[in-house]
2 protein chains.
Amino acid sequence: MKTAQPLSDAPLPGMTQCQAARAGRLTDALREVAAVENVAPETLREWVAAGRVIIPANPAHRRLKPMGIGRPLRVKVNANLGNSSLSSGAAEENEKLEVALAFGADTVMDLSTGPCAPAILAHMIANSPVPVGTVPIYQAVATLADPNELTADGLFAEIERQAELGVDYITVHAGLLRAHVPLALKRLLGIVSRGGALLARWMHTHGQENPLYAQFDRLLEICAAHDVTLSLGDGLRPGCLADASDEAQFAELEVLGELVRRARAAGVQAMVEGPGHIPLHEVAENMRREQELCDDAPFYVLGPVVTDCAPGYDHLTAAMGGALAGMAGAAMLCYVTPKEHLGLPNAADVREGLMAFRIAAHAADIAKGIPGARDRDDAISRARGDFDWERQFALALDPQRARALRAEALAEAAAAGPRPAPAPAAPAGAPELETAKYCTMCGPGFCSMRVSRELRDEVADA
Amino acid sequence: MKTAQPLSDAPLPGMTQCQAARAGRLTDALREVAAVENVAPETLREWVAAGRVIIPANPAHRRLKPMGIGRPLRVKVNANLGNSSLSSGAAEENEKLEVALAFGADTVMDLSTGPCAPAILAHMIANSPVPVGTVPIYQAVATLADPNELTADGLFAEIERQAELGVDYITVHAGLLRAHVPLALKRLLGIVSRGGALLARWMHTHGQENPLYAQFDRLLEICAAHDVTLSLGDGLRPGCLADASDEAQFAELEVLGELVRRARAAGVQAMVEGPGHIPLHEVAENMRREQELCDDAPFYVLGPVVTDCAPGYDHLTAAMGGALAGMAGAAMLCYVTPKEHLGLPNAADVREGLMAFRIAAHAADIAKGIPGARDRDDAISRARGDFDWERQFALALDPQRARALRAEALAEAAAAGPRPAPAPAAPAGAPELETAKYCTMCGPGFCSMRVSRELRDEVADA
């Protein structure tokens with residue numbers, strides 16, 4: 001029997017998720033997230049009130065199915081989409097959005113800086129059931145002849161426009177201060193964040209502090225009014241291993257911690273963005289430090305890439321770092337595609353990037369001990385032991401790929417033609433390969449799982 | 001000036017690498033490995049004498065360029081090759097060997113169980129400059145109508161035949177005892193090692209102990225005579241996360257530790273094989289336990305795969321575990337290909353598997369603090385900052401793939417046609433895309449590295 005929801009639970013109009021949680025109210029979004037994550041709504045409410053979990057949900061994003069992001073929950077994966085001045089258009093970007101959603105993106109970001117950017121973002125908000133993020137400085141600058149013509153008013157106007165459109169979270173490089181710039185310029189690769197580099201040059205040219213920091217309260221007002229979540233960008237993330245975990249990176253992180261506290265005080269939801277390029281052995285310490293300096297605000301990391309010298313495989317170098325980061329507490333992983341460092345990703349790259357990161361996030365969930373995280377693994381393992389191929393495909397993170405690779409192997413076996421002997425000990429009346437209780441890797445005689453099952457039966461009969 | 005090598009350094013004929021090292025003698029193989037690994041020959045000699053490093057180098061393998069394997073050295077990667085009764089032949093396997101060598105396999109194993117297996121192995125030994133490994137029970141069983149017809153004499157005869165052929169290391173599941181079988185049969189997936197499953201059934205049928213354990217001294221005699229290195233196989237490695245780190249696995253590991261000590265006492269080089277399927281958070285502890293139980297014998301792990309539910313991507317699930325294992329001390333990683341759990345890998349799968357694992361091994365080397373491990377990363381990062389594309393390709397772990405993906409991105413940009421405006425702030429007289437100081441990801445206006453370099457110049461001029 002469904003019990004009536006007590007009236008006092010309903011959030012007041014205009015409250016952010018964080019404010020509602022602090023007022024002890026359970027929003028519809030919070031209830032939905034609690035159900036999906038399989039946690040008690042009251043527990044989730046406490047996490048949201050404390051800022052340890054965020055629910056980026058702009059009320060103007062009508063199609064949104066709310067998503068919770070935070071260390072106590074399943075690790076999330078974001079897909080960066082968007083065109084550049086040189087490549088891709090609205091049609092390509094709409095296709096990339098479809099692929100991102102089909103392959104399990106938990107959030108999507110539109111990073112468009114090329115033609116039709118406003119149309120691409122409007123389409124994304126209208127069609128994405130997952131939270132949508134942007135980097136508003138891109139559009140604020142894209143229409144100017146020179147990025148140094150940017151004004152604080154122009155930037156805040158763009159932020160307000162996107163907040164009204166329904167953007168759920170925005171990346172702002174508000175923690176990059178004038179004082180940090182010399183630290184970054186000493187590096188092998190300087191500043192590799194687009195927003196960070198543009199702001200650093202703006203500060204140098206104008207001799208002024210970063211307007212996102214100087215007028216942070218103005219930013220908080222807009223975000224509070226529209227429940228836009230802040231993604232506090234790391235403009236000084238390292239762009240190579242040589243620059244990892246350096247003074248510039250951690251100086252900015254300290255400011256981001258201060259901004260998290262100011263955002264929370266204003267009832268604005270906030271997460272923190274993180275590196276970047278980090279060697280394997282520094283990944284866990286980077287997570288720990290963010291948790292400490294930023295009071296456990298959800299950490300949203302880009303990879304991290306664990307070696308610089310594998311262009312073409314950066315979905316993989318970054319998923320390795322991402323798996324470790326997730327295990328150590330990163331709340332959301334930004335995918336990296338095979339095109340990273342080489343060019344703008346296309347739809348096929350989006351799929352590869354997402355699959356690598358869904359695997360990383362899932363492996364991290366198991367490692368974190370999220371209840372039930374291993375159920376799917378156990379189920380597919382059972383299907384594997386039963387040689388139930390269809391069930392294995394159904395449980396695979398990418399059924400289409402699994403099916404295609406098995407079909408390829410079967411075709412190669414068929415092409416190899418009849419073999420001299422199916423020895424040793426091929427089962428009499430061997431079935432067609434498609435349904436056989438073995439695969440082409442070992443064949444019937446050397447299928448360990450078949451032999452192991454037979455042994456179990458023999459032992460049971462003995 | 002080259003100093004003459006003291007006479008007392010020369011190994012005596014018939015000594016294994018381990019025996020020579022203990023006798024204080026520096027073999028040619030040891031000197032070569034020391035040069036490649038950039039360690040002092042005397043230091044390496046101590047490691048080989050202690051058994052912490054092995055140099056699998058059968059004198060009958062004429063083309064061998066010796067390879068050192070051990071925790072203090074660079075992490076190595078093995079590629080499993082070989083056909084099955086259902087798929088692939090000599091031509092395909094010879095091609096897979098070429099691909100494995102081209103993409104950087106540090107050792108190769110021939111796991112053939114199908115037609116032409118003897119020819120495939122002979123070709124591999126004749127053509128591989130890297131150490132060659134096998135699992136002799138496969139050929140001992142392949143010629144029998146029923147694997148249970150196997151005899152100890154037949155198995156040892158096959159081992160001796162392969163030792164004479166020039167095989168550098170052999171996998172023997174000598175630590176899998178009768179007493180372990182009930183522990184393994186309780187599992188979700190039982191025994192997933194081919195050799196392990198065959199031996200377990202043999203022991204049950206005959207009511208006898210594993211001949212590789214019962215007659216281990218006979219095995220040691222053959223290995224000592226030919227300096228064949230033992231790879232002590234984990235017949236009870238877990239085949240799914242549900243079976244990871246269980247009683248069966250660790251009971252066998254304890255016996256493997258005993259066999260390491262017996263091998264060392266007999267002057268036989270030995271490494272230990274490890275899992276398998278292990279969740280991320282148990283990987284480091286698995287490495288630590290092997291180091292403790294097996295007196296730091298080199299640990300040679302298969303992946304480990306960190307989630308069961310990504311068939312089609314198991315090169316990736318396993319490379320994640322492999323990177324972490326390498327960082328925690330695994331000496332050699334056995335690659336896993338995208339076809340794992342689906343079918344026999346082909347040449348394209350060999351490439352994907354090797355690249356994933358070369359990345360994992362390299363990331364682990366950096367994390368372990370191997371001197372100079374990061375040099376290539378720093379060099380490619382410098383080339384990236386200089387927009388020197390040709391140098392980036394030259395330093396990439398897979399230049400061909402990096403070049404192909406950039407070409408694809410450039411072609412897509414060209415197909416997108418002339419754009420409304422190259423704003424903001426496109427450099428006057430923009431060069432052709434192929435040599436441009438930006439890529440299609442960000443375009444000229446949003447290229448952070450370009451902006452960052454310009455800012456550095458402006459600051460320097462100020």
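None of the values given here were measured: they were computed from a predicted structure. Throughout, protein chains are lettered first and strands after them, A, B, ... in sequence-line order, and every chain is numbered starting at 1.
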Quick check on the interface: out of Gly385(B), Ala360(B), Cys447(B), Pro345(B), who has the most heavy-atom pairs with chain A under 4.5 Å? Ala360(B)
Picking from Arg382(A), His277(A), Lys368(A), which has the most non-hydrogen pairs under 4.5 angstrom with chain B? Arg382(A)
What's the shortest heavy-atom distance between Tyr138(A) and Phe446(B), and which atoms? O-CZ, 3.5 Å
Counting heavy-atom pairs under 4.5 Å with chain A, the top scorer among Ala402(B), Gly312(B), Gly190(B) is Ala402(B)
At a 4.5 Å cut-off on heavy atoms, which part of Glu458(B) comes close to chain A: side chain, backbone, both, or neither? both
If you count heavy-atom pairs under 4.5 Å with chain A, which of Cys439(B), Ala310(B), Ala416(B) comes out on top? Cys439(B)
Between Ser193(B) and chain A, with a heavy-atom cut-off of 4.5 Å, which part of the residue counts as in contact: side chain, backbone, both or neither? backbone
For chain A, find which of Ala242(B), Pro279(B), Cys240(B) contributes the most heavy-atom pairs closer than 4.5 angstrom. Ala242(B)
For Val192(A), is there any backbone N or O sitting under 3.5 Å from a side-chain donor or acceptor partner on Ser448(B)? yes
Which of Asn83(A), Leu241(A), Leu316(A), Asp378(A) touches chain B most, by non-hydrogen pairs under 4.5 Å: Leu241(A)
Give, for atom CG of Leu455(A) and atom CG of Leu185(B), the distance between the pair rounded to the nearest 0.5 Å. 5.0 Å
Compare all side-chain heavy atoms of Glu408(B) with those of Asp349(A) and state whether any distance is below 4.5 angstrom. yes
Cys309(A)/His362(B) under side chain to side chain contact (heavy atoms under 4.5 Å, CB included): CA gap, chis, key distance, verdict: CA-CA 9 Å; Cys309(A) 59; His362(B) 180 65; 3.5 Å; yes
Heavy-atom proximity to chain B below 4.5 Å, by part of Leu86(A): both
Non-hydrogen atoms of chain A under 4.5 Å away: do they reach the side chain of Arg453(B), the backbone, both or neither? side chain
Is there a side-chain contact between Leu397(A) and Tyr313(B) in this structure, where contact means two heavy atoms from C-beta onward sitting under 4.5 Å apart? no
Would you name the heavy atoms of Leu344(B) and Glu412(A) that are closest together and state the gap between them? O-OE1, 4.3 Å
Considering only heavy atoms and a distance below 4.5 Å, find which of Asp243(A), Ile359(A), Thr317(A) pairs most often with chain B. Ile359(A)
Chain A contact via Thr143(B) - which portion, at a heavy-atom distance below 4.5 Å: neither
Identify which of Leu324(A), Leu410(A), Asn346(A) forms the greatest number of heavy-atom pairs closer than 4.5 Å to chain B. Asn346(A)
When only pairs under 4.5 Å are counted, which of Lys339(B), Gln392(B), Arg376(B), Arg456(B) shares the most heavy-atom pairs with chain A? Lys339(B)
When you measure from the side chain of Thr440(A) to the backbone of Gly343(B), do you find a donor-acceptor pair of N or O atoms at a distance under 3.5 Å? no
Comparing Val306(A), Asp314(A), Leu188(A), Val181(A) against chain B, the one with the most heavy-atom pairs below 4.5 Å turns out to be Leu188(A)
With only heavy atoms counted, which part of Met327(B) is less than 4.5 Å from chain A, the side chain, the backbone, both or neither? side chain
With side chain to side chain contact (heavy atoms under 4.5 Å, CB included) as the test, would you mind laying out the steps for His341(B) and Met441(A) before giving the verdict? CA-CA 8 Å; His341(B) 302 113; Met441(A) 172 83 134; over 6 Å; no
Heavy atoms only: give me the nearest Ile366(A)-His281(B) pair and the separation to one decimal. O-CE1, 4.0 Å
Chain B contacts, top residue of Ala409(A), Ala367(A), Ala197(A), Ala200(A) (heavy-atom pairs, under 4.5 Å): Ala367(A)
When every non-hydrogen atom of Ser452(B) is compared with those of Ile191(A), the smallest separation belongs to OG-N, 2.9 Å
Evaluate the criterion side chain to side chain contact (heavy atoms under 4.5 Å, CB included) for residue pair Arg194(B) and Cys442(A); output intermediate values, then yes/no. CA-CA 8 Å; Arg194(B) 295 192 270 193; Cys442(A) 307; 3.5 Å; yes
What closest approach, in Å, do Ser85(A) and Gly443(B) show between heavy atoms, and which atom pair accounts for it? OG-CA, 3.8 Å
Option that, when pairs with chain A are counted at under 4.5 Å, heavy atom only, ranks first among Leu198(B), Thr205(B), Leu395(B), Asn148(B): Leu198(B)
If we ignore hydrogens and angles and just use 3.5 Å, is the side chain of Asp377(A) paired with the main-chain N or O of Asp308(B) as donor and acceptor? yes
Nearest heavy atoms of Leu342(B) and Arg406(A), plus distance in Å: O-CG, 3.9 Å
